[in-house]
Protein chains: 2
Amino acid sequence: MMLSAVMEDYLKAIYVLHAEADGNVKTSDIATQLDVKPPTVTSMLKKLAEKNLVNHEPYQGVELTPTGESVALEVIRHHRLLEAYLTEELGYDWSEVHDEADRLEHHVSETFIDRLATRLDEPRVDPHGDPIPSADLDPVEDPSGTALIDFSVDETVIIQRVRNQDPEILRYLEAHGIKPGTRVTIKEVTPIGMISIQPHSYETIVSLPTSVARSIWANQTGEASTSVP
Amino acid sequence: MMLSAVMEDYLKAIYVLHAEADGNVKTSDIATQLDVKPPTVTSMLKKLAEKNLVNHEPYQGVELTPTGESVALEVIRHHRLLEAYLTEELGYDWSEVHDEADRLEHHVSETFIDRLATRLDEPRVDPHGDPIPSADLDPVEDPSGTALIDFSVDETVIIQRVRNQDPEILRYLEAHGIKPGTRVTIKEVTPIGMISIQPHSYETIVSLPTSVARSIWANQTGEASTSVP
DNA sequence: TGAGTAAATTAGAAACGCCTAATTCTTATA
DNA sequence: TATAAGAATTAGGCGTTTCTAATTTACTCA
């Protein structure tokens with residue numbers, strides 16, 4: 001299937017929106033995600049429907065067909081492998097990889113991606129903790145995690161995933177020792193929309209607005225730490 | 001200067017054609033190079049001229065302006081660094097790199113290219129022996145070389161450059177030990193358009209059509225080898 | 001030097017991806 | 001249940017890059 005980079009972007013957007021805004025994907029969601037106007041989305045959905053990549057019931061939302069989902073997964077695989085590669089081999093910051101991967105994902109060959117994957121030893125997650133679809137494009141089961149905001153004071157958890165692409169925010173988080181794999185203890189949850197945490201790899205306590213804390217997913221460590229005085 | 005990938009391709013093509021078909025570049029040359037029809041070239045030349053990237057005297061050929069040349073050199077720098085990188089770090093064959101680099105060259109950031117260059121230790125030539133423009137985009141002086149076809153029987157020379165992008169041909173050459181840096185001895189030049197050479201890194205004698213031998217540039221080793229029985 | 005040919009250009013149209021303005025549909029609420 | 005608000009779609013248009021067909025220009029050679 002020979003698709004334009006723009007079409008791939010639409011399919012990726014629909015996949016991502018479907019996964020996170022669990023349920024049906026609306027024209028306006030896609031428009032926001034891709035920074036275009038709604039009529040542009042409608043006309044593209046028609047083309048994608050003609051190619052059997054989406055099912056579009058006018059006024060009722062869109063769904064990917066199995067073919068459309070495969071394309072989306074392939075693009076996402078490209079994106080996340082590129083992010084992992086840029087971080088691990090080219091010394092990119094966590095905060096820089098998203099934009100570069102967004103442009104390259106449509107222009108790398110399958111050969112390129114396979115060699116990247118081999119070289120990185122088939123990684124399962126990218127630097128943000130997002131799962132990387134396998135080469136056979138089985139739908140990724142999104143690892144369940146709990147937002148940082150939903151833990152209680154004094155719980156110690158391991159950061160799994162940071163669902164945020166804003167370079168400014170990522171730079172701040174990294175500078176304060178917060179990224180996937182980090183162990184942190186919840187110190188305080190204020191009523192005015194702030195949460196304070198103690199990253200174990202970092203000296204001082206870090207405060208985050210709840211909007212940011214909602215995008216950080218973590219799991220309980222399982223051992224220890226459930227004991228609270 | 002914000003240019004489309006297509007415009008960059010035209011500027012690159014004009015630069016390359018100017019360098020090799022020494023003199024003025026014709027509309028039809030560009031059309032052949034980019035695999036489009038001549039009217040398409042004419043209309044693009046108008047747009048490039050409006051942006052002061054080329055000087056186009058209708059019916060008389062095109063030239064790059066200094067700005068246009070800088071853009072071309074930047075694209076060529078991207079291309080050749082990518083080729084070097086794909087070969088050295090991702091295990092690409094000599095014959096595979098051209099197409100991949102052609103697609104990626106327009107979509108990598110300056111940051112990406114700088115990190116590639118640093119990682120490869122600022123290489124001066126790509127896997128084909130083509131010179132890589134420096135980061136400040138000084139015009140590359142094309143290293144002078146003599147086509148293989150222009151040496152005499154029994155001369156021993158070092159291959160400098162293989163000016164051919166055909167993957168089939170490159171695969172053949174590589175399989176027979178012929179690439180930049182290889183030392184070979186000219187064994188026979190037939191009147192029917194064949195040249196036979198002995199690569200020193202390879203057991204048997206290899207025969208090449210003169211069309212191919214014309215695209216292989218070499219330099220005399222300087223020592224020895226000028227002695228002929 | 002003048003005619004014929006080859007190359008380049010102009011003219012006009014199509015596909016793509018985007019837009020604004022106008023219209024239609026859905027849904028929530030009075 | 002009727003209507004008003006909001007979302008989505010249709011209508012129509014623009015810039016980009018390409019094409020084919022028609023025309024113009026430059027050059028060759030008789």
Side-chain angles (χ1 to χ4, degrees), chain A residues 1-14 17-18 20-64 68 71-72 75 102-103 105-107, chain B residues 1-14 17-18 20-64 68 71-72 75 102-103 105-107:
Chain A
M1 178 98 49
M2 194 44 212
L3 297 177
S4 69
V6 172
M7 285 181 175
E8 289 182 354
D9 272 335
Y10 278 85
L11 296 172
K12 181 175 79 160
I14 295 167
L17 289 169
H18 181 81
E20 75 187 25
D22 198 67
N24 70 325
V25 177
K26 292 180 295 173
T27 299
S28 54
D29 297 337
I30 300 170
T32 303
Q33 179 88 0
L34 296 178
D35 198 24
V36 296
K37 303 296 177 187
T40 307
V41 175
T42 301
S43 77
M44 181 56 83
L45 291 181
K46 265 196 209 160
K47 283 181 205 151
L48 295 174
E50 264 169 35
K51 289 178 183 286
N52 283 306
L53 295 162
V54 303
N55 291 127
H56 180 214
E57 196 65 44
Y59 295 100
Q60 304 299 327
V62 219
E63 261 190 355
L64 293 175
V71 174
V75 176
D102 247 11
R103 276 176 293 108
E105 64 189 9
H106 308 293
H107 304 285
Chain B
M1 177 100 45
M2 195 43 212
L3 298 177
S4 69
V6 173
M7 286 181 175
E8 289 183 354
D9 272 334
Y10 277 85
L11 295 173
K12 180 174 80 160
I14 295 166
L17 289 168
H18 180 82
E20 74 186 25
D22 199 67
N24 70 326
V25 177
K26 293 180 297 175
T27 299
S28 54
D29 297 336
I30 301 170
T32 304
Q33 180 88 1
L34 296 178
D35 198 24
V36 298
K37 303 296 178 189
T40 307
V41 175
T42 301
S43 76
M44 181 57 83
L45 291 181
K46 266 195 208 159
K47 283 181 205 148
L48 294 174
E50 265 169 33
K51 289 179 183 289
N52 284 304
L53 295 162
V54 303
N55 291 127
H56 180 216
E57 196 65 44
Y59 295 100
Q60 303 299 328
V62 220
E63 261 190 355
L64 293 176
V71 174
V75 176
D102 247 12
R103 277 176 292 107
E105 64 190 7
H106 308 292
H107 304 286

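In what follows, chains carry the letters A, B, and so on, assigned in the order in which the sequence lines appear, proteins first and then strands, with residues in each chain numbered from 1.
Contact detail for Ala31(B) and Pro38(B): the closest heavy-atom pair is CB-N, 3.9 Å. The minimum heavy-atom distance linking His107(B) with Arg103(B) is given by the pair CD2-O, 3.0 Å. Of all heavy-atom pairs between Ala72(B) and Leu64(B), the closest is CB-CD1, 4.1 Å. The two residues Ile30(A) and Tyr10(A) make their nearest non-hydrogen contact at CG2-CD2, 3.9 Å.
Side-chain contact of His18(B) with Asn24(B): a donor-acceptor pair under 3.5 Å is absent, judged by distance alone.
Taking a heavy-atom distance under 4.0 Å as the criterion, the stretch of DNA chain D touched by chain A extends 5' to 3' from dA8(D) to dT10(D).
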* Structure fact -> Each nucleotide of nucleotides 1-17 of chain C classed B (base within 4.0 Å of a protein heavy atom), S (only sugar-phosphate) or -, in 5' to 3' order, makes -------BBB------S

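None of Thr32(B), Thr42(B), Val62(B), Thr40(B) except one satisfies the side chain to side chain contact (heavy atoms under 4.5 Å, CB included) rule with Thr27(B); the exception is Thr42(B).
Separating the NE2 atom in His106(B) from the CG atom in Asp9(B) is a distance of 3.5 Å, to the nearest 0.5 Å.
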